[in-house]
Amino acid sequence: LLRSSQPLTGPNRRRCREDEKLLGTILDEGERGFIIDTRSAQAAKQARMSGGGTEPKSCYPQWRRLHRALDRGRPLQESFVRLVEACSDPSLSMDRWLARLDSSRWLSHVKAALSTACLAAQCLDREDSNVLVHGAEGTDTTLLVTALAQLILDPSCRTLEGFQALLQREWIEAGHPFHLRCARSASSHARGKQEAPLFLLFLDCVWQLSRQFPFSLEFGEQLLLTLFDNAYASSYGTFLCNNEKERSLCKVKESTHSLWAWLNQPEEKHKYLNPLYSHNPLVIWPSVEPQSIQLWQGLFLRWIRPSQHLDEAWAEIQRLVEGS
Amino acid sequence: MEHIRMPKVENVRLLDRLSSRRAVVGTLYLTATHVIFVENGSETRKETWVLHSQISSIEKQATTATGCPLLIRCKNFQVIQLVIPQERDCHDVYISLIRLARPVKYEELYCFSFNPKLDKEEREQGWKLVDLNEEYNRMGVPNNYWQISDVNRDYGVCDSYPTEVYVPKSATAHIIVGSSKFRSRRRFPALSYYCKGNNASICRSSQPLSGFSARCLEDEQMLQAIRKANPGSDFIYVVDTRPKLNAMANRAAGKGYENEDNYSNIKFQFIGIENIHVMRNSLQKMLEVCELKSPSMSDFLWGLENSGWLKHIKAIMDAGIFIAKAVAEEGVSVLVHCSDGWDRTAQVCSVAGLLLDPYYRTMKGFMVLIEKDWVSFGHKFNHRYGNLDGDPKEISPVIDQFIECVWQLMEQFPCAFEFNERFLIHIQHHIYSCQFGNFLCNSQKERRELKIKERTYSLWAHLWKNRADYLNPLYRSDHSQTQGTLHPQIAPCNFLYKFWSGMYNRFEKGLHPRQSVTDYLMAVKEETQQLEEELEALQERLANLQKSQSGNNKVKSKQQDRSKQFGLYTSNNSLANTPQEYSNDLKSFPSRSPSQGDEDSALILTQDNLKSSDPDLSANSDQESGVEDLSCRSPSGGGCLPSEDSGKDSDEAVFLAG
């Protein structure tokens, strides 16, 4: 599984031998690879006008390109805002709730993200093919897809430790611009141009996986909520800045504490573990039918719905499992 | 058997609902009670059994090159798509099924031939399991305020009521009879629930025949009697569960609702729950959404909203909440009615009962609740659920809605119910299956005339026998959630109502969480209990024996074996599952991994049973429609895993981007 940003083909269909060679070395003679472009075919084509573009078939003959349009940027932020508004609207009658939920399109984004990740995973697992994922910048939807695909495929990413390593690798070090993306939140009136809840979308997808495979993730919802909180505002330096270069310039490692260090302390760790966890060595293929994708109430209705009874249920589950 | 034109057809294809690629070939059998499809595979001859009673509709579709398609839709939401090679055979099957699914006599129903091999004593005991007299006693009646009345002993007053009803002490026979003449279908106000703590009660009836200005002294006295039976309050609520417009329209027909001016000390309240026709259409629309092939999120949400289904569920729940509040918090008695007092009234009274009384949240209590508010009070099971062929306009998912309300509550209060989702699903299944006699006919009177108890078996006994499958591992009778009244959040709460895919997509395994938390936790619970008992026993022994090395080793290895067994259990749950078709670009992808086998816990009969060309399968008829809790009978043994979520491969949706 590889990731990158878009090739700078431009309007004049530039070529780059080195790039072609690089991709060429990955595939054996006669082997086929897949490029999953997280933009629509049209958007990818249009990108040429501003210097970007796609890999032309003639130059990359062994690679087959698939387009899976995933929203990011402004549309995704708007989607998030609309969902939060729908959830907190007290006047909303039952008549209109689902329509509002739908018009936010958030769940459609979850479905699309999971499907694309599954597609990548399918290419790797079923077709035994190499996969290159990229969008435009390679910092948003690209990371969403690669991180989710690894969760689906690799049981070691589903352990608490493995998941942290996945986040560190695929989101933080890969250069997802947290500082820009998580500048404010859906509740804020000011809308930063660069704001977009990609990371939240990722966490939502992970939550969907945990719901469909309740035994297969070593961590629980509480971890996901904590990560969400810390991405936006944190006492720790882990999610600061936009990339490793900035972190180095700001001396983040020297001046702040790591979230992982805190989470992994024995007295903290147990809060984030899933009592039902049992190592599942197999690939977990989620269902992306609409009935299988649910609203993440624990996050979106966190302060709205009463959680007492659900907390009690969770405590009961822990009691049962730990008692055994 | 005379209705079966074609008892057996070979080379029939059973299609996966979502993808015609996943078809299996087998033989179709028609018997007096079931339709059975047996797969042709050499080893596991997987079978799909469908009771004729379950068939809701049959659609013969246009013949294609591959054959003649036949779509069978069931009342338990199973949808079976068959393709029969010869059009003529298909037509014969179609005609036969049409007739078989529409019995005209009760005797045609499965319950009269079903034989679970119990003796007469056991059958009787089964019927005695739920005793309403015991229940009323448990509530605390008869007492100073309430008495049992036998005025209806020969069904002379109201033929849809039971022979024994509870009425206020001050309601004489004269008052009861007078009131019954002023009520639609003679369904006079009678006790549904009595709250010992504060003497408040829930009574139920049908609408008064008040028209625009008619009055009835006895009916007014009846309501007064109900009020007087609760000294703690000086008024009662009268709750009409219909929309105001409908109730008003009824006045033109000489019926209507109680006028606050005429009835002293009542507070009248409309709670608009729509009628059976609206509900029937609502379900229909929702099922159409479920049948969409590869719907987008929008298709699904819009379709669901458009059906209005969850809105109706919420309306019923809100009514139950209002009544529960009135009784528990205000200490005020409530009289509930709708039009005829056998649909919405039943729903609302039983929801209120569930909220008020933790007993009804136990398995036994739930059976009692249904027996009381649905069976004894004359809910028209036959008309509503089509035991016999009848007026399609009478069909409506009334009890289904109640059952869903219970599920919605279970989701909000996971520790509060002794039973689990499977219990609800199986009850719904059997309301339509007519395998047991509990839900036949339209009234107690009709059931007695048919001698149901002597000729059929009770579902309650069957469920009770298998109660281990139906337990909720999170239930503890001493838990805070199981004490007293449940208080569901009233507002905002729209998001609390979820689509119940466990019921409406019951047979699409791919849609559900792959691993059943309930079953796992039940196993853990049992495991822990066993270990604790074991530990106790061993500790006793140790105390009596001399401490020796071999003794210690025995203890250790036993415990290890247990946990290994246990480990096996959990890893069985994480079965390989197969991907959906996430992309139609990649046509080379296999849709099903060849090594996977079928994880469906379908009944696997031994070869012997299948040998006869005309299988008399009523002997093996202790089944649901062949998909779920039958792994217990599987010759391959294994733990009894009645899980519906045993990791079957996902359905193959042709998935398009975005």
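Each chain gets a letter, A, B and so on, in the order its sequence line appears, and its residues count up from 1.
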- Considering only heavy atoms, which portion of A/Ile317 lies under 4.5 Å from any heavy atom of chain B: side chain, backbone, both, or neither? both
Contact summary for [X] and [Y], nearest pair of heavy atoms:
X: B/Val517; Y: A/Phe215; result: CA-CZ, 3.9 Å
X: B/Ser298; Y: A/Asp102; result: OG-OD1, 2.7 Å
X: B/Cys290; Y: A/Gln291; result: CA-NE2, 4.5 Å
X: A/Ser108; Y: B/Met297; result: OG-CB, 3.3 Å
X: B/Val524; Y: A/Leu320; result: CG1-O, 3.4 Å
X: B/Pro295; Y: A/Glu289; result: CD-OE1, 3.8 Å

- Message: Run the side chain to side chain donor-acceptor pair (under 3.5 Å) test against A/Glu316 and tell me which residues pass, sequence neighbours left out.
- Response: A/Arg319, B/Arg476
Less than 4.5 Å to any heavy atom of chain A: does that hold for the side chain of [X], its backbone, both, or neither?
X: B/Lys311; answer: both
X: B/Glu532; answer: neither
X: B/Ser501; answer: side chain

Going from [atom1] on [X] to [atom2] on [Y], what distance comes out if it is rounded to the nearest 0.5 angstrom?
X: B/Asn306; Y: A/Leu98; atom1: CG; atom2: CG; value: 11.0 Å
X: A/Arg305; Y: B/Gln412; atom1: CZ; atom2: CD; value: 10.0 Å
X: A/Leu295; Y: B/Phe495; atom1: CG; atom2: CZ; value: 9.5 Å

- Item | Any residue meeting side chain to side chain contact (heavy atoms under 4.5 Å, CB included) with A/Ser88, in chain and number order, not counting sequence neighbours | A/Val84, A/Ile304
